[in-house]
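What you see is a predicted model; the values in this text were computed from it and never measured.
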Amino acid sequence: MLAYPGPELVDTDRGFLELGFDSLIAVELRNRLGRQTGLTLPATLLFDHPTPAALAAHLAASFPSDAERLLDPILAELDRLGAHLPDDAADDDPLRDRVANRLRELLARVGGGGASVAGTAPTAVLDGFDEATDDEIFQFLDNELGS
(Lines give C-alpha, C1' and ligand atoms only; values in the text may rest on other atoms or scores of the structure.)
Protein backbone atom coordinates (compact mmCIF):
# COMPACT_ATOMS: atom_id res chain seq x y z
CA MET A 1 0.00 0.00 0.00
CA LEU A 2 2.98 2.29 0.54
CA ALA A 3 4.85 0.92 -2.49
CA TYR A 4 7.74 -0.62 -0.57
CA PRO A 5 9.72 -2.79 -3.00
CA GLY A 6 9.50 -5.78 -0.63
CA PRO A 7 8.18 -6.72 2.81
CA GLU A 8 11.71 -7.18 4.18
CA LEU A 9 12.20 -3.41 3.89
CA VAL A 10 9.39 -2.64 6.34
CA ASP A 11 10.66 -2.03 9.87
CA THR A 12 8.03 -3.98 11.81
CA ASP A 13 8.81 -2.17 15.06
CA ARG A 14 8.25 1.34 13.66
CA GLY A 15 4.84 2.90 14.04
CA PHE A 16 2.43 2.93 11.11
CA LEU A 17 2.45 6.74 11.15
CA GLU A 18 6.26 6.76 10.93
CA LEU A 19 6.04 4.36 8.00
CA GLY A 20 3.85 6.80 6.08
CA PHE A 21 0.31 5.68 6.91
CA ASP A 22 -2.46 8.22 7.13
CA SER A 23 -6.06 7.61 8.19
CA LEU A 24 -7.21 6.67 4.66
CA ILE A 25 -4.44 4.10 4.22
CA ALA A 26 -5.15 2.76 7.73
CA VAL A 27 -8.81 2.20 6.82
CA GLU A 28 -7.87 0.58 3.51
CA LEU A 29 -5.43 -1.80 5.26
CA ARG A 30 -8.08 -2.66 7.83
CA ASN A 31 -10.59 -3.38 5.05
CA ARG A 32 -8.12 -5.57 3.14
CA LEU A 33 -7.19 -7.48 6.28
CA GLY A 34 -10.87 -7.95 7.09
CA ARG A 35 -11.57 -9.37 3.64
CA GLN A 36 -8.55 -11.69 3.76
CA THR A 37 -9.14 -12.97 7.29
CA GLY A 38 -12.93 -12.92 7.44
CA LEU A 39 -12.67 -10.96 10.70
CA THR A 40 -14.65 -7.84 11.53
CA LEU A 41 -11.90 -5.43 12.49
CA PRO A 42 -12.44 -2.10 14.27
CA ALA A 43 -11.79 1.23 12.56
CA THR A 44 -9.16 1.91 15.25
CA LEU A 45 -7.18 -1.25 14.41
CA LEU A 46 -3.91 0.48 13.52
CA PHE A 47 -4.22 2.87 16.45
CA ASP A 48 -4.89 0.00 18.86
CA HIS A 49 -1.93 -1.94 17.41
CA PRO A 50 0.42 0.83 16.27
CA THR A 51 3.24 -1.23 14.68
CA PRO A 52 3.23 -4.00 12.09
CA ALA A 53 4.66 -6.36 14.72
CA ALA A 54 1.89 -5.53 17.19
CA LEU A 55 -0.77 -5.90 14.50
CA ALA A 56 0.64 -9.24 13.36
CA ALA A 57 0.66 -10.51 16.97
CA HIS A 58 -2.94 -9.39 17.41
CA LEU A 59 -4.05 -11.11 14.22
CA ALA A 60 -2.11 -14.28 15.08
CA ALA A 61 -3.88 -14.42 18.46
CA SER A 62 -7.23 -14.23 16.66
CA PHE A 63 -6.66 -17.56 14.96
CA PRO A 64 -6.22 -20.97 16.58
CA SER A 65 -2.76 -22.52 16.55
CA ASP A 66 -1.99 -25.57 14.43
CA ALA A 67 -2.16 -27.70 17.59
CA GLU A 68 -5.56 -26.28 18.52
CA ARG A 69 -6.89 -26.91 15.02
CA LEU A 70 -5.65 -30.49 15.26
CA LEU A 71 -6.88 -31.19 18.81
CA ASP A 72 -10.29 -29.47 18.74
CA PRO A 73 -12.00 -32.16 16.63
CA ILE A 74 -10.37 -34.89 18.73
CA LEU A 75 -11.60 -33.35 21.98
CA ALA A 76 -15.07 -32.88 20.51
CA GLU A 77 -15.15 -36.53 19.48
CA LEU A 78 -14.03 -37.63 22.97
CA ASP A 79 -16.85 -35.56 24.46
CA ARG A 80 -19.33 -37.13 22.05
CA LEU A 81 -18.11 -40.63 22.89
CA GLY A 82 -18.14 -39.91 26.60
CA ALA A 83 -21.79 -38.89 26.40
CA HIS A 84 -22.63 -42.37 25.06
CA LEU A 85 -20.87 -44.36 27.76
CA PRO A 86 -23.28 -45.93 30.25
CA ASP A 87 -22.71 -44.95 33.86
CA ASP A 88 -24.11 -48.21 35.24
CA ALA A 89 -22.18 -50.82 33.20
CA ALA A 90 -21.01 -53.83 35.17
CA ASP A 91 -17.31 -53.94 36.04
CA ASP A 92 -16.91 -57.31 34.30
CA ASP A 93 -18.67 -56.19 31.11
CA PRO A 94 -16.47 -57.37 28.15
CA LEU A 95 -17.44 -54.33 26.08
CA ARG A 96 -16.38 -52.03 28.90
CA ASP A 97 -13.01 -53.84 29.00
CA ARG A 98 -12.58 -53.37 25.24
CA VAL A 99 -13.31 -49.65 25.55
CA ALA A 100 -10.90 -49.32 28.47
CA ASN A 101 -8.16 -51.15 26.55
CA ARG A 102 -8.66 -48.98 23.50
CA LEU A 103 -8.49 -45.85 25.65
CA ARG A 104 -5.22 -47.13 27.12
CA GLU A 105 -3.82 -47.59 23.61
CA LEU A 106 -4.86 -44.08 22.62
CA LEU A 107 -3.49 -42.64 25.83
CA ALA A 108 -0.15 -44.32 25.16
CA ARG A 109 -0.09 -42.65 21.73
CA VAL A 110 -0.91 -39.25 23.21
CA GLY A 111 1.80 -39.73 25.83
CA GLY A 112 4.38 -40.62 23.21
CA GLY A 113 3.97 -44.38 23.19
CA GLY A 114 5.44 -45.18 26.57
CA ALA A 115 6.68 -41.78 27.62
CA SER A 116 5.35 -40.44 30.86
CA VAL A 117 2.08 -38.55 30.78
CA ALA A 118 2.10 -35.34 32.80
CA GLY A 119 5.08 -36.53 34.81
CA THR A 120 3.53 -39.87 35.78
CA ALA A 121 5.08 -43.18 34.79
CA PRO A 122 2.92 -45.02 32.22
CA THR A 123 2.44 -48.09 34.40
CA ALA A 124 1.18 -45.95 37.27
CA VAL A 125 -1.30 -44.24 34.94
CA LEU A 126 -2.51 -47.58 33.56
CA ASP A 127 -2.80 -49.10 37.02
CA GLY A 128 -5.08 -46.24 38.01
CA PHE A 129 -7.38 -46.92 35.07
CA ASP A 130 -8.30 -50.37 36.37
CA GLU A 131 -10.26 -48.83 39.23
CA ALA A 132 -11.37 -45.67 37.39
CA THR A 133 -14.93 -45.00 36.29
CA ASP A 134 -15.65 -43.92 32.72
CA ASP A 135 -16.20 -40.35 33.91
CA GLU A 136 -12.83 -40.37 35.68
CA ILE A 137 -11.11 -41.66 32.54
CA PHE A 138 -12.65 -38.96 30.37
CA GLN A 139 -11.90 -36.30 32.97
CA PHE A 140 -8.27 -37.49 32.98
CA LEU A 141 -8.14 -37.31 29.16
CA ASP A 142 -9.66 -33.82 29.19
CA ASN A 143 -7.09 -32.66 31.74
CA GLU A 144 -4.15 -34.21 29.89
CA LEU A 145 -5.21 -32.85 26.50
CA GLY A 146 -5.58 -29.38 27.93
CA SER A 147 -9.28 -28.70 27.47
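Cluster annotation: Leu19 and Val27 are assigned to distinct hydrophobic clusters (Ile/Leu/Val/Met/Phe/Trp/Tyr, side-chain heavy-atom contacts under 4.5 Å, transitive). Following chains of ILVMFWY side-chain contacts shorter than 4.5 Å, one can reach Leu107 starting from Ile74, so the two form part of one hydrophobic cluster. No path of Ile, Leu, Val, Met, Phe, Trp and Tyr side chains, each step under 4.5 Å between heavy atoms, connects Val10 with Leu17, placing them in separate hydrophobic clusters.
To the nearest 0.5 Å, atoms CG (Asp11) and CD (Glu18) are separated by 8.0 Å. With values rounded to the nearest 0.5 angstrom, Glu28 atom CD is found 11.0 Å from Asp22 atom CG. To the nearest 0.5 Å, atom CG of residue Leu41 and atom CG of residue Asn31 are 9.0 Å apart. Note: Thr51 OG1 to His58 NE2 = 12.5 Å, rounded to the nearest 0.5 Å. Arg35 contributes atom CZ, which lies 10.0 Å from atom CZ of Arg30 (distance to the nearest 0.5 angstrom).
For the pair Leu9 and Pro5, the minimum side-chain heavy-atom distance is below 4.5 Å. Using a 4.5 Å cut-off on side-chain heavy atoms (C-beta onward), Leu45 and Leu29 make no contact. Within the 4.5 Å cutoff, no side-chain heavy atoms of Val99 are placed close to those of Leu81. Thr37 is not listed as a side-chain neighbour of Ser62, based on a closest heavy-atom distance of 4.5 Å or more. Side-chain contact between Arg102 and Arg98 is absent, with no heavy atoms from C-beta onward closer than 4.5 Å. Looking at heavy atoms from C-beta onward, Leu39 lies out of side-chain contact with Leu33 at the 4.5 angstrom threshold.
The aromatic rings of Phe16 and Phe21 stand perpendicular to each other, their planes meeting at an angle above 60°, with 30° marking the opposite boundary.
A donor-acceptor contact shorter than 3.5 Å is absent between the side chain of Thr44 and the backbone of Phe47.
The pair Glu105-Arg109 does not count as a salt bridge, with every side-chain nitrogen at least 4.0 angstrom from each carboxylate oxygen.
Atom CD of Glu8 has more than 12 neighbouring heavy atoms from other residues, nucleotides or ligands inside a 6.0 Å radius.
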